Amino acid sequence: MTAVLEATGISKSFRGLQALRGVDISVEEGQILGVIGANGAGKTTLFNCITGNFPPTSGTVRLDGADVTGQPAHKLAHRGMVRTFQLMRPFHTMTVLENVEIAAMSRGARGGTARREAGETVERTGLGEWADQLSGSLPAAMQKRLELARALAMRPRVLLLDEVLAGLVPAERAPVLDLLENLRDTEGMTMVFIEHIMAAVRRLSDHVVMMDSGAVLATGSADEVLTDPQVVEAYLGKEASDA
Amino acid sequence: MTTTATPRTSTSAGGGLTGRLTTDTGSQRSRGDYVVLAVFVAVAAAVPFVLSASDMAIANRVLIFAIMGVGWNIMAGFGGMFSFGHAAYFGIGAYATAYGVVVLGLSPWLGMLLGIAISVAAGVGISYLALRYKLTGAYYTMSTFAFAEALRLFVIGNDALNRTVGFTIPVQQGSSLVDFQFPAGSPWYYWIGLGLLGMCLLASILFVRSRPGRFTIAARDDDVAAAALGIDVLRHKLFAVAVSAAITAVAGTYYVQYYMFVDPEIAFGAAASNDAIITAVVGGTGTIWGPIVGAIIMAPLSDVVTGFLRTPPPGFEWLAGHGGLDIILYAVILVAVVILLPKGVYGTLVSRRRKS
């Protein structure tokens with residue numbers, strides 16, 4: 001199989017700070033890649049470089065084989081690569097439904113079609129009851145779902161999720177995981193997700209990359225990476241390994 | 001998926017800097033806006049039958065303030081780009097009209113189109129440079145101020161534009177819609193101004209309903225999220241600037257045809273920018289109708305202050321001839337509104353009505 005998304009040798013410097021050091025990741029169509037690592041490891045910076053928030057200092061990003069390095073975020077979104085944010089970014093003066101409708105409109109849906117599609121996505125992500133609420137007044141957990149709903153309304157081929165489960169209680173995580181699994185299994189959606197919840201990483205990931213200090217420390221299946229002594233030492237801790 | 005939290009029973013809260021946006025974007029509400037616009041224009045058209053000739057001067061001033069406020073509101077209220085240089089677009093509209101009429105012998109209506117074209121090109125050009133190179137927030141605001149000041153100085157130093165003297169529109173006999181000239185005290189000035197305001201309000205409503213308008217509002221709320229959802233933030237912000245500049249240029253044309261005079265200070269001075277800002281802020285930024293409310297409050301107040309300075313009452317003779325009091329008063333009002341009514345008068349009223 002060929003990689004849908006491939007980032008090679010991605011480095012990023014912010015003046016004196018080397019945030020990324022030659023990171024390589026690759027994800028094949030219909031697969032889910034988990035990205036783990038401690039805070040400050042460079043995971044979100046990697047997302048920002050891949051999705052066009054800012055260009056990498058060096059390295060190449062390929063989407064469907066085409067070099068898209070440094071292309072602006074809005075162009076990459078229209079090429080099918082859409083992301084969510086760790087810190088939620090709702091259009092706070094709009095309702096939940098209007099937020100999602102903006103995404104549907106951006107994809108090209110018009111008028112009533114955009115609204116209908118937005119409504120369906122809102123229902124699918126469990127936000128139906130909140131559809132008419134101002135998004136800025138939503139609880140954090142609902143704002144997380146809104147991030148996901150907006151991204152899904154773009155009907156992405158590659159979806160990058162930045163800690164989409166953060167802030168959710170266990171009962172709230174399960175339906176989100178079910179949805180993501182369903183998106184992969186029934187729609188063949190390709191995903192890259194940053195996550196700190198190891199149960200979710202184990203359940204969803206076809207492949208895992210562990211980052212440390214801006215570099216890839218380990219890569220492989222979830223079991224391989226999560227039992228790697230270096231990963232245990234650098235990220236999970238001895239207690240987790242023993243548990 | 002199921003939810004474990006429950007939503008509040010109330011729906012979208014209104015008001016706020018952009019409170020009406022949550023409703024203005026809905027087609028049903030927008031249809032309501034069209035009805036309100038029609039009723040507003042119909043009722044306002046009767047004003048000349050009610051007010052005296054001297055009061056009509058204030059009514060015309062309200063129209064100028066309102067058009068400027070509507071224009072500024074597109075860019076700052078809906079677009080999130082706080083301009084302190086709308087005098088640039090007002091001045092270009094005024095000077096293009098005056099130059100067209102006096103020097104080129106054009107109809108003022110053609111002068112207005114010329115002013116709109118130049119304003120749009122100037123606004124988009126300067127904003128492109130500013131936004132392309134990440135001048136945001138206060139830095140963007142300062143760039144707009146600098147642009148207006150640069151234009152003022154350019155005109156002052158330009159012989160072709162009569163330097164500090166400016167232009168006086170030659171008076172013609174009789175009434176002429178084509179030449180936009182009527183006898184002093186004619187209600188036609190008001191009716192034409194009202195028609196122009198109506199068109200500007202219509203443009204504002206259409207903008208808020210349109211895809212570019214909604215994308216602009218999304219980008220104002222969060223430009224990073226908007227870009228991540230495929231919205232070309234720069235392009236849509238420039239579209240908002242273009243609409244804003246065009247509307248503000250219309251105010252410049254109306255001003256010069258009504259007062260029949262313009263000079264660099266009137267056209268490009270900070271006072272013109274102040275008028276646009278305070279009208280929208282007092283009424284309620286990011287709302288369709290806020291600038292109208294602001295103009296109805298601020299234009300008569302401006303007239304009162306001007307009269308007060310021209311002929312101060314006993315005990316205040318020392319104020320005679322001291323310019324700048326109006327600016328001080330505006331500043332006080334602006335600060336008071338920002339602290340006490342951050343949503344503006346209209347925005348606050350809408351917000352309270354929805355909560356009750």
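Letters go in sequence order (proteins before strands), and every chain restarts at 1. In this text, all values refer to a predicted model and were calculated from it rather than measured experimentally. Side-chain atoms are counted along with the backbone in the values below, which use heavy atoms only and exclude waters and symmetry mates.
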Report all side-chain donor-acceptor pairs from residues 71-80 of chain A shorter than 3.5 Å, counting only partners two or more places apart or in another chain.
residue, atom, partner, partner atom, Å
A:His78, NE2, B:Gly230, O, 2.7

Check: Does any donor atom in the side chain of B:His86 or B:Ser244 lie under 3.5 Å from an acceptor atom in the other side chain?
Finding: yes
Notebook entry, point to check: Any ion pair linking A:Arg89 and B:Asp221 (charged N to carboxylate O, less than 4.0 Å)?
Noted result: no
Margin query: Which residue is it: A:Leu152, A:Leu148, A:Leu127, A:Leu97? I am looking for the one with a side chain to side chain contact (heavy atoms under 4.5 Å, CB included) to A:Thr121.
Written below: A:Leu152
Note to self: Below 4.5 Å, heavy-atom pairs only: which of B:Ala218, B:Ala219, B:Ala226 has the largest tally toward chain A?
What the structure shows: B:Ala218
Notebook entry, point to check: Can you pull out the residues in residues 100-114 of chain A with any heavy atom less than 4.5 Å from chain B?
Noted result: A:Glu101, A:Ile102, A:Ala103, A:Met105, A:Ser106, A:Gly108, A:Ala109, A:Arg110
Checklist line | B:Phe145, B:Phe147, B:Tyr140 screened by ring pair (Phe, Tyr, Trp, His ring centres under 6.0 Å) with B:Phe84, the one that passes | finding: B:Phe145
Note to self: Please confirm whether the ring centroid of A:Phe14 lies under 6.0 Å from the ring centroid of A:Phe54.
What the structure shows: yes
Checklist line | Short N-O contact, A:Arg184 and A:Glu187, less than 4.0 angstrom | finding: no
Note to self: Sort by residue number and list every residue of residues 58-69 of chain A having at least one heavy atom under 4.5 Å from chain B.
What the structure shows: none
Note to self: Among residues at least two apart in sequence or on other chains, which ones pass side-chain hydrogen bond (donor to acceptor under 3.5 Å, both in side chains) with B:Asn274?
What the structure shows: none
Note to self: Between B:Asp222 and A:His92, is there a side-chain donor-acceptor contact under 3.5 Å, judged purely by atom types and distance?
What the structure shows: no
Checklist line | chain B contact via A:Asp178 - side chain, backbone, both or neither, heavy atoms under 4.5 Å | finding: neither
Check: Would you call the rings of B:Trp72 and B:Phe82 parallel, tilted or perpendicular if under 30° counts as parallel and over 60° as perpendicular?
Finding: perpendicular
